[in-house]
Amino acid sequence: QVQLVESGGGLVQAGGSLRLSCAASGTMFSVSTMGWYRQAPGKQRELVADITRGGRINYVDSVKGRFTISRDNANNTVYLQMNSLKPEDTAVYYCNAEVAFRAFWGKGTLVTVSS
């Protein structure tokens with residue numbers, strides 16, 4: 001019903017930057033909260049950042065000051081600007097969107113930060 005298409009992942013050296021994008025499509029309902037989660041090998045999936053339709057934002061402490069989440073409501077798109085990347089940021093990043101009180105997930109995009 002709802003598809004989330006992610007882009008922007010890849011391999012980057014420590015200290016570098018990446019920008020992730022995720023566009024939601026396939027729904028006639030408004031998209032509520034959108035966010036990014038990540039899962040590193042052997043670790044639980046964690047919330048990186050999310051943003052409500054009205055612009056209220058949450059960040060996990062480890063990315064505060066380095067990552068910035070934003071969204072374009074007209075295009076149902078959420079972005080994650082990642083600066084000063086560290087090896088510990090290496091993970092599969094998943095886009096999440098809430099639509100009509102249901103959660104939808106992207107397939108994930110791999111971010112690898114080398115030292």
Side-chain angles (χ1 to χ4, degrees):
Q1 182 182 8
V2 178
Q3 294 82 46
L4 302 179
V5 180
E6 301 146 322
S7 63
L11 175 65
V12 65
Q13 294 185 47
S17 297
L18 287 172
R19 190 188 191 196
L20 305 183
S21 299
C22 173
S25 63
T27 180
M28 295 184 294
F29 297 95
S30 297
V31 179
S32 299
T33 301
M34 301 187 77
W36 293 93
Y37 291 70
R38 67 186 181 187
Q39 187 166 21
K43 302 289 184 66
Q44 291 184 309
R45 186 175 299 186
E46 68 172 351
L47 173 69
V48 179
D50 63 12
I51 180 169
T52 69
R53 189 172 184 85
R56 185 174 181 177
I57 294 170
N58 292 307
Y59 293 105
V60 66
D61 286 344
S62 61
V63 309
K64 289 181 179 178
R66 299 188 298 120
F67 292 9
T68 302
I69 190 170
S70 61
R71 66 186 289 170
D72 180 352
N73 290 337
N75 293 300
N76 289 326
T77 302
V78 64
Y79 305 93
L80 186 67
Q81 178 66 47
M82 305 185 293
N83 298 326
S84 302
L85 283 161
K86 304 175 180 179
E88 48 263 48
D89 295 317
T90 296
V92 177
Y93 284 70
Y94 297 91
C95 180
N96 172 268
E98 181 183 349
V99 182
F101 302 102
R102 295 185 178 186
F104 297 88
W105 295 90
K107 295 180 180 179
T109 184
L110 178 63
V111 172
T112 302
V113 184
S114 65
S115 59

Contact between R53 and N73 at the side-chain level, heavy atoms closer than 4.5 Å - yes or no?
yes
Measure the shortest side-chain to side-chain distance between F67 and L85 over non-hydrogen atoms and say whether it is less than 4.5 angstrom.
yes
Run the numbers on V48 and M82 for side chain to side chain contact (heavy atoms under 4.5 Å, CB included), then give the verdict.
CA-CA 11 Å; V48 179; M82 305 185 293; over 6 Å; no
Look at the side-chain heavy atoms of Ile, Leu, Val, Met, Phe, Trp and Tyr, link any pair under 4.5 Å apart, and say whether V12 and Y93 land in one connected group.
yes
Given side chains that start at C-beta, do those of V111 and L20 come closer than 4.5 Å, heavy atoms only?
yes
If I take atom OG1 from residue T68 and atom CG from residue N83, how far apart are they, to the nearest 0.5 angstrom?
6.5 Å
Is it the case that atom CD in Q39 sees more than 12 heavy atoms from other parts of the structure closer than 6.0 Å?
yes
Restricting to non-hydrogen atoms, name the atom on A14 and the atom on S115 that form the minimum distance, rounded to 0.1 Å.
CB-CA, 4.4 Å
Answer yes or no: is there a side-chain heavy-atom contact under 4.5 Å between Y94 and R45?
yes
Working for side chain to side chain contact (heavy atoms under 4.5 Å, CB included), residues W36 and E6:
CA-CA 10 Å; W36 293 93; E6 301 146 322; 4.2 Å; yes
Would a distance-only check, ignoring hydrogens and angles, find a side-chain to backbone donor-acceptor pair under 3.5 Å from R71 to T52?
yes
Would you say that R38 contacts D89 through its side chain, given a criterion of any heavy-atom pair below 4.5 Å between the two side chains?
yes
Indicate the atoms forming the closest heavy-atom contact of S84 with S17, along with that distance.
N-OG, 4.3 Å
Charged N to carboxylate O below 4.0 Å: is that the case for K64 and D61?
yes
Euclidean distance, I69 CD1 relative to Y79 OH, rounded to 0.5 Å
12.0 Å
With a 4.5 Å cut-off on side-chain heavy atoms, are L47 and V60 touching?
no
For the student: nearest non-hydrogen atoms of V31 and A24, plus distance:
CG2-CB, 4.2 Å
How many angstroms lie between atom OG of S7 and atom CG of L18, to the nearest 0.5 angstrom?
11.0 Å
Any side-chain heavy-atom pair of V78 and I51 under 4.5 Å:
yes
Straight-line distance of Q1 CD to R102 CZ, nearest 0.5 Å
6.5 Å
If hydrophobic clusters are built from ILVMFWY residues whose side chains come within less than 4.5 Å, do I57 and M34 share one?
yes
Working to the nearest 0.5 Å, report the span between CD of E88 and OG of S62.
8.5 Å
Taking all atoms of both residues into account, what is the closest heavy-atom pair of S30 and V99, and its distance?
O-CG1, 3.9 Å
If we ignore hydrogens and angles and just use 3.5 Å, is the side chain of T112 paired with the main-chain N or O of T90 as donor and acceptor?
no
To the closest 0.5 Å, what do you measure between NZ (K107) and CG (L4)?
11.0 Å
For residues W105 and V92: do they belong to one hydrophobic cluster (side chain heavy atoms under 4.5 Å, members Ile, Leu, Val, Met, Phe, Trp, Tyr)?
yes
